[in-house]
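Nothing here was measured: the structure is a model prediction, and the numbers come from that model. These numbers come from the heavy atoms of this one structure, side chains and all, not from hydrogens, waters or symmetry mates.
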Amino acid sequence: MNANDSTTKLDFIRQIVAEDLKTNKWGGRVVTRFPPEPNGYLHIGHAKSIYLNFGIAAENKGGLCNLRFDDTNPIKEEEEYIESIKKDVRWLGFDWGDRLFYASDYFEQMYEYAVQLIKKGKAYVCDLTAEQTREYRGTLTKPGKNSPYRGRGVEENLELFERMRAGEFEEGRRVLRAKIDMASPNLNLRDPVMYRILHAEHHRTGDKWCIYPTYDWAHGLEDSIEKITHSICTLEFENHRPLYDWFLDELGVYHPQQVEFARLNLSYTIMSKRKLQQLVQDGLVSGWDDPRMPTICGLRRRGYTPESIRNFCKRIGVNKFNSTVDIALLEHCVREDLNKTSPRVMAVLRPLKVVIDNYPQGQVEELEAINNPEDASAGTRKVPFSRELYVEREDFMEEPPKKFYRLAPGREVRLRYAYFITCTDVVKDASGQVVELHCRYDPATRGGDAPDGRKVKSTLHWVSAAHSLEAEVRLYDHLFTKENPDDVENGVDFKSNVNPNSLEMLVLCRVEPSLAGTAPGSRYQFERLGYFCVDHDSSIGKLVFNRTVTLRDPWAKIQKAQKQR
RNA sequence: UGGGGAAUAGUGUAACGGUAGCACGACUGACUCUGGAUCAGUUAGUCCAGGUCCGAAUCCUGGUUCCCCAGCCA
């Protein structure tokens, strides 16, 4: 049994949906929504929510999922984010069809609802300053005090609210509040603000409005208007549910069910939009799409596939308690996908020149290489072989330790798809650095097999010196050195845990000639090294690759263990 | 200190009163023209203490620990 066999294992939210369907609670409908505020870029945590909401809709007959921009705060929101969010959701493989909505489209209707609440004596205009409001609210343990404006008459409230809308008051001068209970142990119920005055240009409604609804007031209405059945949000909104319910009940309107789940945390990275922004602002990363970022655009640039991210979301499950998923699971998911789909290619990241002394000068052979051993239909290609080659610097050791199977003086290894070679001489520069290897090849092993049946312990990747192309390769590691980046000493913040070695730029790499002209976004496996993706900085004249993830590498582990000893 | 949530191998998740299972990780071994992939195996868990029951991860009682709430953010 594998993780795909989830038909019998429903998470608690899907159980609720299934139960509601059984009891016909919503008349057989399933309508969810993904409601981002367009104030930043989406990250892998959003992917969990997208996968959940669109997934539930897709799994149920007639199910719908709305993409709704929760644009109730013009100060933080921009059109640019709307486009990036749409792009990312689409890239992840989800389609909202014609179900694209904006909270701002409901402003008029929300206003009317607010008037209703005022008429019902359940909302009032309050003149307290923000600071006074805080004082009146009380604390976690002390009840709040009623605002002196709480007793204002309906007529006065109506008039003042209208004048608020008309722009007669300056920002912060007055708010509209719900009249609930200043002594409630749930602070969200202590007469929460419904409207605040913001003389700000809204990216969609322009200057039509100068009062804007708060989240608590707006969100339930948005869900209600769109006839959502299950309003799925994260745990921190649990305390808001009584308020969500209160507004809809007081209005007597269609009332979806809010369900909360735990947001995603991933080891060695952070998910907080605010902190991610700090990394960008402080230049610790190159931007929101830096391949080290957990943003969707970062992962895309890194070479992650939508399929692998969806699969990751499926595997992590959904629950009501905070947890931190091991980033190794995400990495496993890309490897799993890329192993099946990506063409193999040879590239040498840190070149070491090898001269095959007994190979004819000027001779070039085109050797056949398999494009993808996991996919026979991918076929084969020709790779040029010649007298002078490059191999990986770390594939040679003058004094090989135990368990090092690769090239060493006097040792025979195989060059993949080519010949067996034996190292006969090591050339060093003045500082003692190995700069060149001399080897002899066995012509009888052409293609990589010895007719006499002798074996070698390892196979190396290589490129022909004269035929290979220069490339820049960017190696990435975890963004932070600690599993939990927020684990810090007093006086410093999470940024002190940024991994100084999370990016390594290699500029003089050599790749096989078949890569000439490869397009940005193309993904490959560099044999024995890992999965790489062509960066959008790449051009015909200058190839640039990002390492998505390494291959599983037992030798690296052995080496690490040997060093520690 | 008030209120609201939650605790299952190292990590993430199943089991819904009836054999604690799966995945990732780690570790063996087999195979291999990628030290990849694949295959086989090992490892390891119900927060604690009581109680109910033939039987408890599940129900009850008491405790412990963690998360959220004092924005005119979402």
Side-chain angles (χ1 to χ4, degrees), chain A residues 1-3 5-6 8-9 11 15 35-37 39 70 72-73 75-76 126 128-130 133-135 137-144 171-177 184-190 192-198 211-212 214-216 218-219 233-242 260 262 267 273 315-333 335-336 339-340 344 346 370 373-374 403-406 414-418 420 445 447-449 455-461 483 525-530 550-558:
Chain A
M1 173 159 308
N2 59 36
D5 248 327
S6 54
T8 51
K9 287 191 208 169
D11 59 68
Q15 281 178 33
E37 181 187 15
N39 70 343
D70 201 3
T72 56
N73 185 351
I75 294 166
K76 293 179 150 189
C126 179
L128 254 25
T129 63
T133 303
R134 195 183 323 126
E135 285 160 13
R137 183 156 33 230
T139 68
L140 295 179
T141 49
K142 272 187 252 106
E171 222 162 278
R173 182 69 188 75
R174 288 183 226 265
V175 294
L176 183 73
R177 292 227 249 168
S184 171
N186 182 345
L187 307 221
N188 294 125
L189 262 23
R190 320 246 260 229
V193 171
M194 296 164 60
Y195 277 93
R196 72 280 216 198
I197 298 170
L198 254 27
I211 57 172
Y212 290 92
T214 57
Y215 167 86
D216 284 311
H219 206 89
C233 62
T234 45
L235 247 31
E236 66 270 26
F237 294 104
E238 234 161 357
N239 295 330
H240 293 246
R241 183 165 11 109
E260 310 87 9
S267 60
K273 215 179 263 184
R315 289 178 185 229
I316 58 176
V318 182
N319 242 321
K320 276 195 81 110
F321 46 89
N322 299 300
S323 60
T324 301
V325 176
D326 192 339
I327 198 161
L329 181 61
L330 216 210
E331 295 170 346
H332 166 81
C333 290
R335 284 197 191 99
E336 182 181 58
N339 174 50
K340 282 186 233 130
R344 316 286 130 127
M346 290 199 281
I370 294 165
E374 304 290 319
K403 304 232 178 126
F404 182 85
Y405 303 146
R406 283 109 102 141
R414 172 169 37 233
L415 293 180
R416 180 139 227 225
Y417 302 123
F420 283 15
T445 57
D449 284 307
K455 302 280 185 203
V456 286
K457 291 218 74 164
S458 80
T459 300
L460 308 188
H461 61 277
E483 232 177 271
Q525 184 195 100
F526 288 0
E527 292 223 30
R528 303 209 304 133
L529 296 173
T550 62
L551 255 26
R552 273 189 67 230
D553 188 356
W555 168 239
K557 276 179 197 164
I558 293 167

Ring pair (Phe, Tyr, Trp, His ring centres under 6.0 Å) partners of A:F526, counting only residues at least two apart: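 A:F526 satisfies ring pair (Phe, Tyr, Trp, His ring centres under 6.0 Å) with A:F532, A:F545 once adjacent residues are dropped.
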Non-neighbouring partners of A:Y215 that pass ring pair (Phe, Tyr, Trp, His ring centres under 6.0 Å), sequence neighbours left out: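 For A:Y215, the residues satisfying ring pair (Phe, Tyr, Trp, His ring centres under 6.0 Å) (neighbours in sequence not counted) are A:H219, A:F237.
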Rounded [atom1] spacing from [N] to [M] in Å:
N	M	atom1	result
B:U42	B:C22	P	10 Å
B:A40	B:C47	P	32 Å
B:A7	B:C60	P	14 Å
B:U1	B:G63	P	12 Å
B:C54	B:G17	C1'	12 Å
B:A57	B:U19	C1'	14 Å
B:G45	B:G62	P	30 Å
B:A6	B:C48	C1'	16 Å

Reckon [X] touches a base, only the sugar-phosphate, or nothing at all at heavy-atom distances under 4.0 Å?
X	result
A:D449	base
A:K457	nothing
A:F526	nothing
A:E374	base
A:Y417	base
A:K557	sugar-phosphate
A:R416	base
A:Q15	base

Under 3.5 Å: donor-acceptor pair, side chain of A:S184, backbone of A:N186: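 Checked: pair present.
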A:T459 and its side chain to side chain donor-acceptor pair (under 3.5 Å) partner, picked from A:R414, A:R406, A:E527: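 That would be A:R414.
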[N] base / [X] side chain donor-acceptor hit below 3.5 Å:
X	N	value
A:Q525	B:U34	yes
A:R344	B:U34	yes
A:R406	B:G35	yes

Using the side-chain contact (heavy atoms from CB on, under 4.5 Å) criterion, which residues pair with [X]? Sequence neighbours excluded.
X	answer
A:I211	A:Y111, A:F161, A:M164, A:R165, A:Y195, A:I197, A:W209
A:D11	A:I13, A:R14, A:V318
A:T550	A:R335, A:R547
A:P143	A:A183

What is the distance from [atom1] of [X] to [atom2] of [N], rounded to the nearest Å?
X	N	atom1	atom2	value
A:D553	B:U34	CG	C1'	11 Å
A:I327	B:A23	CD1	C1'	17 Å
A:K142	B:G3	NZ	C1'	16 Å
A:N322	B:G12	CG	P	10 Å
A:K9	B:U8	NZ	C1'	14 Å

A:E37 bridged to A:K76 by N-O distance under 4.0 Å: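 Not counted as a salt bridge, because no side-chain N and carboxylate O are separated by less than 4.0 Å.
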Residue closer to the 5' end of RNA chain B, A:H332 versus A:T141 (nearest nucleotide):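 Counting from the 5' end, the first nearest nucleotide belongs to A:T141.
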Upstream residue (5' side of RNA chain B) when A:S323 and A:L551 are each assigned their closest nucleotide: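 Nearest nucleotide further toward 5': that of A:S323.
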Syn or anti conformation of B:G36, syn meaning chi within 90° of 0: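 Anti conformation here, the glycosidic angle of B:G36 being more than 90° from 0.
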Nearest listed nucleotide, side chain of A:I558, among B:G35, B:U34, B:G5: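 Closest nucleotide to the A:I558 side chain: B:G35.
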Nucleotide nearest A:I316 when distance is taken to its side chain, options B:G12, B:C24, B:A14: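 The answer is B:G12.
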Per-pair stack call A:Y405 and B:G35, 5.5 Å, 30°: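 Taking the rule of under 5.5 Å and under 30°, the ring of A:Y405 does stack on B:G35.
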pair A:N39-A:N73: side-chain heavy atoms closer than 4.5 Å: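 Not touching, per the 4.5 Å side-chain cut-off.
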Side-chain touch A:L189/A:P242, heavy atoms, less than 4.5 angstrom: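 Yes. Closest side-chain heavy atoms under 4.5 Å.
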Side chain to side chain donor-acceptor pair (under 3.5 Å) partners for A:T129, two or more places apart: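 Testing A:T129 for side chain to side chain donor-acceptor pair (under 3.5 Å), a comparison that skips the adjacent residues, returns A:Q132.
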Strand RNA chain B as a dot-bracket string - pairs counted if Watson-Crick or G-U with both distances under 3.5 Å, | where the partner lies in another strand: .((((((..((((....[..))))((((((.......))))))...(((((..]....))))))))))).....
B:U13 phosphate, OP1 or OP2, under 4.0 Å from A:R315 side-chain N/O: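 No, because none of the side-chain N or O atoms of A:R315 sits under 4.0 Å from OP1 or OP2 of B:U13.
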Base versus backbone protein contacts along nucleotides 68-74 of chain B [heavy-atom cut-off under 4.0 Å; B, S, -]: BBBSBBB
